[in-house]
Amino acid sequence: MMRGLLVSLMLLLCTSVYAADKCVSCHKEVTPNAVKDWQLSRHSENDVSCDTCHEGDHSSAKDVDKLVTITAETCGGCHGDRLDQFSKGKHALAWAAVNAMPTTHAQPMALNQGMKGCTGCHKLGIKTDAEIAKLKEQGSKFGHASCDACHTRHTFSVKEAQQPQACQTCHMGFDHPQWEMWSSSKHGVRYLLKQNGVLPEGTPAPTCQTCHMVDGDHEVRTAWGFLAVRLPLPEDDEQWKADQVTILQALGVLDPKGQPTGRLDVIKAADVARLDKASFDKERNKMLAVCGDCHSANFARNQLDNADKLIRDLDHLLAQAIRIITGLYQDGIIAKPESYAYAFPDLLTFQDAPTTIEQTLFEMHLKHRMRGFQGAFHANPDYALWYGWSEMVRDLQEIKEKAAEMRAAHGKSASAH
């Protein structure tokens, strides 16, 4: 019996080696650098060959569809603990989040299914077999894995994924420029100086992974969530409570009467907001523990509390702008689009907002408010002030003036809504 088992194992190993040799000999000509990446990898060192992941057989680009699609579950076959962690975090929900946005479905195929826009980064989210099949029918043949967003093909290097630059491609730009904030903050400057050898290797300098992936935990999540709204509403601050209600209405989570809508379930599923105190406190306490490795507990709590208070102040600016535009809908100056559930501005329509005044509101919310509160949490005063707060003050003034012009054109004075 033992002899038979050994023979089976030897046959399996020989088959795997033959398959690898067959793949490598061809791909050295077709995709030589992909082969070099694999040869540099831990996979290669441990005889994890091409067909271990790319199950199936093909002979040319014409029949590559014979190979099994690589997904996060493929990696989870060996890295089950990391897949379990990843599956509980916000990155796993990236695909669900982008599909929860009503405007992404109106984008050109190249941007959406072709993964040249939002989905170029959000593709790392876990997809069902049905979703993958639908994407393939639409012509999207690549980018259905998840782990390779950080551990890039085909080295799948842990060391690469541990560098802050691994996060740079997605966490930059219009609505979430965390790379720009962090890299120009004192945290980022110290790390980049350490990385290029100016500061000693032992210099404390937090990276994205230090704060958001403690001890390599792949369950990435933040206290406030992407939208910086949370429940329960602040009962001890009536103004902030009213402002957050207005923002939740403009997000379509509450209707104009303040009642929950079906979109609340979508927000819950995408995990882009904290919807109970326990989940917020859990993430906040994790972050305080990280900060405590370098700073006193009092200092860390003070810094995060001040960032919370900035969200409150930013919310007051945004809520004023939303109420001004809501008044335009209520007075018939802006007509309700057919796709809108209510005669109310919808922040999630992004660039598809129907009027120029709502375009300004879209930037106020998704660009400037994001930069304001994210800059505060990433210890970057310039982003918090000049790219955040200052821009929102200017946005609000522009919205006030545009609203006055629109009212004058319709012969209607400002209402008391």
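In what follows, residues are counted from 1 in the order of the sequence shown.
Using modelled atom types and a 3.5 Å distance limit, the side chains of Asn298 and Ser296 yield no donor-acceptor pair. In this model, a donor atom of one side chain and an acceptor atom of the other lie less than 3.5 Å apart for Arg323 and Thr246. Under the 3.5 Å distance criterion, with hydrogens and angles disregarded, a donor-acceptor pair is assigned to the side chains of Lys136 and Thr69. Checking Glu160 against Thr152 by side-chain atom types alone, a donor-acceptor pair falls below 3.5 Å. Side chains of Ser59 and Asp63: a donor on one and an acceptor on the other come within 3.5 Å. Checked by atom type, the side-chain pair Thr355/Glu358 shows a donor-acceptor distance below 3.5 Å. At a cut-off of 3.5 Å, with distance as the only test, a side-chain donor of Glu401 or Gln397 sits close to an acceptor on the other residue. Between the side chains of Thr207 and Thr210, a donor-acceptor pair is found at a separation under 3.5 Å. Side chains of Lys127 and Thr71: a donor-acceptor N/O pair is absent below 3.5 angstrom, by distance only.
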I would like to know whether Met172 and Gln178 meet side chain to side chain contact (heavy atoms under 4.5 Å, CB included); could you show each step before the answer?
CA-CA 6 Å; Met172 54 77 65; Gln178 291 99 339; over 6 Å; no
Give the intermediate values and the outcome of side chain to side chain donor-acceptor pair (under 3.5 Å) for residues Asp276 and Ser279.
CA-CA 6 Å; Asp276 60 78; Ser279 61; 3.2 Å; yes
Under the criterion side chain to side chain contact (heavy atoms under 4.5 Å, CB included), I'd like the reasoning laid out for Lys36 against Thr155: C-alpha separation, chi angles, the key distance, then a yes or no.
CA-CA 8 Å; Lys36 287 180 182 177; Thr155 53; over 6 Å; no
Which is it for Lys286 and Asp281 under the salt bridge (charged side-chain N to carboxylate O under 4.0 Å, His left out) test, yes or no, and what are the steps along the way?
CA-CA 8 Å; Lys286 282 168 58 177; Asp281 288 346; over 6 Å; no
Working note: Cys167 + Gln209, criterion side chain to side chain contact (heavy atoms under 4.5 Å, CB included); need CA distance, chi angles, decisive distance, verdict.
CA-CA 9 Å; Cys167 310; Gln209 293 84 347; 3.7 Å; yes
Going through the checks in order, is the side chain to side chain contact (heavy atoms under 4.5 Å, CB included) test met by Lys28 and Gln39?
CA-CA 11 Å; Lys28 273 186 174 179; Gln39 289 172 331; 3.8 Å; yes
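Considering every non-hydrogen atom in both Ile322 and Leu361, the closest pair reads CG1-CD1, 4.0 Å. Shown here for Ala319 and Asp243, the closest heavy-atom pair between the two residues is CB-OD1, 3.4 Å. The two residues Arg284 and Trp224 have their closest heavy-atom pair at NH2-NE1, 3.8 Å. Gln195 and Pro164 get closest at one heavy-atom pair: NE2-CD, 4.3 Å. The heavy-atom pair separating Cys294 from Pro204 by the smallest distance is SG-CB, 4.2 Å. Between Val229 and Gln244, the closest heavy-atom pair is CA-OE1, 3.9 Å.
Judged by distance alone, the side chain of Gln359 and the main-chain N or O of Ala353 form a donor-acceptor pair under 3.5 Å. Under the 3.5 Å distance criterion, the side-chain polar atoms of Thr261 are matched with a main-chain donor or acceptor of Gly252.
The structure places CG of Asp148 at 11.0 Å from SG of Cys53, a figure rounded to the nearest 0.5 Å. Considering CE of Met287 and CG of Leu304, their distance stands at 7.5 Å, rounded to 0.5 Å. Note that the CD1 atom of Ile333 and the CD atom of Glu405 stand 12.5 Å from one another [nearest 0.5 Å]. Rounding to the nearest 0.5 Å places CD1 of Ile126 at 10.5 Å from CD of Glu131. Annotation: the span from Asp308 atom CG to Asp313 atom CG amounts to 11.0 Å, rounded to 0.5 Å. The OG1 atom of Thr222 sits 9.0 Å away from the CD atom of Gln374 when rounded to the nearest 0.5 Å.
Under the 4.5 Å side-chain criterion, counting only non-hydrogen atoms from C-beta, Asp175 is not in contact with Lys367. Side-chain contact check for Leu67 versus Asp57: every heavy-atom pair is 4.5 Å or farther apart. Taking 4.5 Å as the limit, every side-chain heavy atom of Lys22 sits out of range of all side-chain heavy atoms of Asp51. For the pair Leu288 and Arg301, the minimum side-chain heavy-atom distance is below 4.5 Å. Side-chain contact between Arg371 and Trp389 is absent, with no heavy atoms from C-beta onward closer than 4.5 Å. Side-chain contact between His365 and Leu318 is present, with heavy atoms from C-beta onward closer than 4.5 Å. Considering only heavy atoms from C-beta on, His176 comes within 4.5 Å of Phe226 through its side chain. In this structure, Tyr342 and Lys336 have side chains that are not in contact, with every pair of non-hydrogen atoms separated by 4.5 Å or more.
Note on ring orientation: taking the six-membered ring where Trp is involved, the planes of His212 and His378 are tilted (angle from 30° to 60°). Classified by interplanar angle (parallel below 30°, tilted 30° to 60°, perpendicular above 60°), the ring pair Trp179/Trp182 is tilted. Ring geometry, Tyr383 versus Tyr387: the interplanar angle falls from 30° to 60°, so the pair is classed tilted.
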Can you list, pair by pair, the side-chain donor-acceptor contacts under 3.5 Å of residues 83-94, counting residues two or more places apart and other chains?
unit_1	atom_1	unit_2	atom_2	d
Gln85	OE1	Arg82	NH1	3.0
Gln85	OE1	His218	N	3.0
Ser87	OG	Leu83	O	2.7

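Ion pairing between a basic and an acidic side chain is recognised when a charged N comes within 4.0 Å of a carboxylate O; Lys62 and Asp65 show no such pairing. A salt bridge is defined here as a Lys NZ or Arg NE, NH1 or NH2 lying under 4.0 Å from an Asp or Glu carboxylate O, and Arg394 with Glu398 fails to meet this definition. Looking at Glu219 and Arg221, a side-chain N of the basic residue comes within less than 4.0 Å of a carboxylate O on the acidic one, giving a salt bridge.
With respect to Phe156, the ring-ring contact (aromatic ring centres under 6.0 Å, His included) criterion is satisfied by exactly one of His43, His151, His79: His43. Shown are Ser183, Pro177, Ser185, Ser184; of these, the side-chain contact (heavy atoms from CB on, under 4.5 Å) with Met181 is made only by Pro177.
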